[in-house]
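Everything on this sheet refers to the single structure shown next.
The shown structure was predicted, so the numbers you read here are calculated from the model rather than taken from an experiment. Throughout, a chain's letter reflects where its sequence line sits, starting with A, and its residues are numbered from 1.
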Protein chains: 2
Amino acid sequence: MEKIQPRSLYLEVADRVRDLIEQGALLPGEKIAEKELCERFGVSRTPLREALKVLTSEGLVENLPNRGSRVVRLTREGVQNTYDVMGALEGLSGELACNSISDAEIAAIRRLHQRMLGHYQRKELKPYFQVNQRIHEAILAASRNEVLSEMYNNLSQRVKRIRYSVEMGEDNWAQAVADHEAMLEALEARDGPKLGTILRKHLRHKLEVAAVSGIIDD
Amino acid sequence: MEKIQPRSLYLEVADRVRDLIEQGALLPGEKIAEKELCERFGVSRTPLREALKVLTSEGLVENLPNRGSRVVRLTREGVQNTYDVMGALEGLSGELACNSISDAEIAAIRRLHQRMLGHYQRKELKPYFQVNQRIHEAILAASRNEVLSEMYNNLSQRVKRIRYSVEMGEDNWAQAVADHEAMLEALEARDGPKLGTILRKHLRHKLEVAAVSGIIDD
DNA sequence: TGAATGAATTTTGAATTCATAATACCAAAA
DNA sequence: TTTTGGTATTATGAATTCAAAATTCATTCA
């Protein structure tokens, strides 16, 4: 028997608006028309406005008093800052994961890794990123730290709307794959500090990739 | 000429409620009576409820559908998790700070450090913690990363309501002071990786201290 | 005595209303 | 043509209202 989960309307609305931002249906800098979204979702302004305030405190939306809400613009500096923090959090997740990860979890990550290698060899960018993200999520889950997951997911959400270019440099990509190879080794050896170090460095290359995308404003 | 800052009512209310929680006027696990707070602040339920939703997404309050809001309880595990993440963030702040901190900023931190040593020698616990926090804030500011500051301040807020016991172990305290001494050296040498390592380890001892306080629930 | 039932009350969630601030529009003057 | 001033329109912020859910409390029955 499954437990029924009563969810507040404003949370539902927040999810929907978050999706719109992630999908690019609401663009950075764009003004959010309350009336239009209310009609679209079939709710009144109250829950929508509550949702927008949540998204504001999540850093996805900004609230100009008496002038409504807009989607925050990504600047190069902001993205760099975000990646730096994500790197630190990933580093911690690696260290912690080694303390308590099960053999089964490691095996699952190894399988994901092999799939990712396949996508790399066939130059399938999008599937590559999807599997890549699942690996990082698996390590995060193994760190058994809810606060860490919450923070990481928040930051991750902020930069998710960056669309990585297919032009991703061959050498960057090769480096990323090499990083992942080293990660797996450290994880299988349950060497927390080493895994942490690799992960902290791993995100450094992402920004160069992001820069070629059109979404960042400067 | 100073820029005028129009602030929304809900943000003002959020600040006030945040203070109430930090000061212990609203206790962990306590139900938040909307009506009472509205009367206290002289506002209607709309901005109060918006504020509560912001505090929920900040992790200070929880929202049970149709049953209102309560102040979240601190568990030992939750506090440990929070400190772990704060340690990682402080580590990053140290690394970054060394890249761009000015001589004047280092000198200011050195002065704070000397003041802190005085409080330590005279066993003035509360002033010690206050100066201590200002040192960490100064390093954070020197890291020039807004995202990092935002994340750190959020986590810091969550554990601020822990009242540290005067019974803080002499050896823990001595260790903390020794950590700070090493921090200053690394900072003055602008050795980012070293400062990062020290800071990442520095928070480990805090939990033992927190545990003796009454606020944590388990 | 105490558990169960059901009405009365309170509280919450969400829509609506109302006041005010911002914006758009248009005419007149430089 | 480009400003300036003023009005109309719209959007936003916050209070109020209304419906639904939870809670309280009295009453019944085992």
Sorted by first residue and then second, give each salt bridge (Lys or Arg N to Asp or Glu O under 4.0 Å) pair with at least one member in residues 62-71 of chain A; sequence neighbours left out.
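Pairs touching residues 62-71 of chain A that pass the test: none.
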Interatomic distance, B:Arg18 atom CZ to B:Leu11 atom CG [nearest 0.5 angstrom]
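The distance works out to 8.0 Å.
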Please identify which of these residues, A:Met151, A:Met86, A:Glu137, meets the side chain to side chain contact (heavy atoms under 4.5 Å, CB included) condition with A:Ser156.
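Testing A:Ser156 for a side chain to side chain contact (heavy atoms under 4.5 Å, CB included) against A:Met151, A:Met86, A:Glu137 leaves exactly one candidate, A:Met86.
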Measure CZ/A:Phe41 against C1'/C:dA14 and give the value in whole Å, please.
16 Å
Round to the nearest Å and state the distance from B:Arg70 atom CZ to C:dT12 atom C1'.
14 Å
Any ring pair (Phe, Tyr, Trp, His ring centres under 6.0 Å) pairs touching residues 133-163 of chain B, not counting sequence neighbours?
B:His136-B:His180, B:His136-B:His202
Set out, line by line, the N/O atom pairs under 3.5 Å between protein and nucleotides 10-14 of chain D.
{"residue": "D:dT12", "atom": "OP1", "partner": "A:Lys31", "partner atom": "NZ", "Å": "2.7"}
{"residue": "D:dG13", "atom": "OP1", "partner": "A:Asn66", "partner atom": "N", "Å": "3.1"}
{"residue": "D:dG13", "atom": "OP2", "partner": "A:Arg49", "partner atom": "NH1", "Å": "2.7"}
{"residue": "D:dG13", "atom": "OP2", "partner": "A:Arg49", "partner atom": "NH2", "Å": "3.2"}
{"residue": "D:dG13", "atom": "N7", "partner": "A:Arg45", "partner atom": "NH2", "Å": "2.9"}
{"residue": "D:dG13", "atom": "O6", "partner": "A:Arg45", "partner atom": "NH1", "Å": "3.2"}
{"residue": "D:dA14", "atom": "OP1", "partner": "B:Leu9", "partner atom": "N", "Å": "3.4"}

When you measure from the side chain of B:Asn145 to the backbone N and O of A:Asn81, does any donor-acceptor pair fall under 3.5 Å?
yes
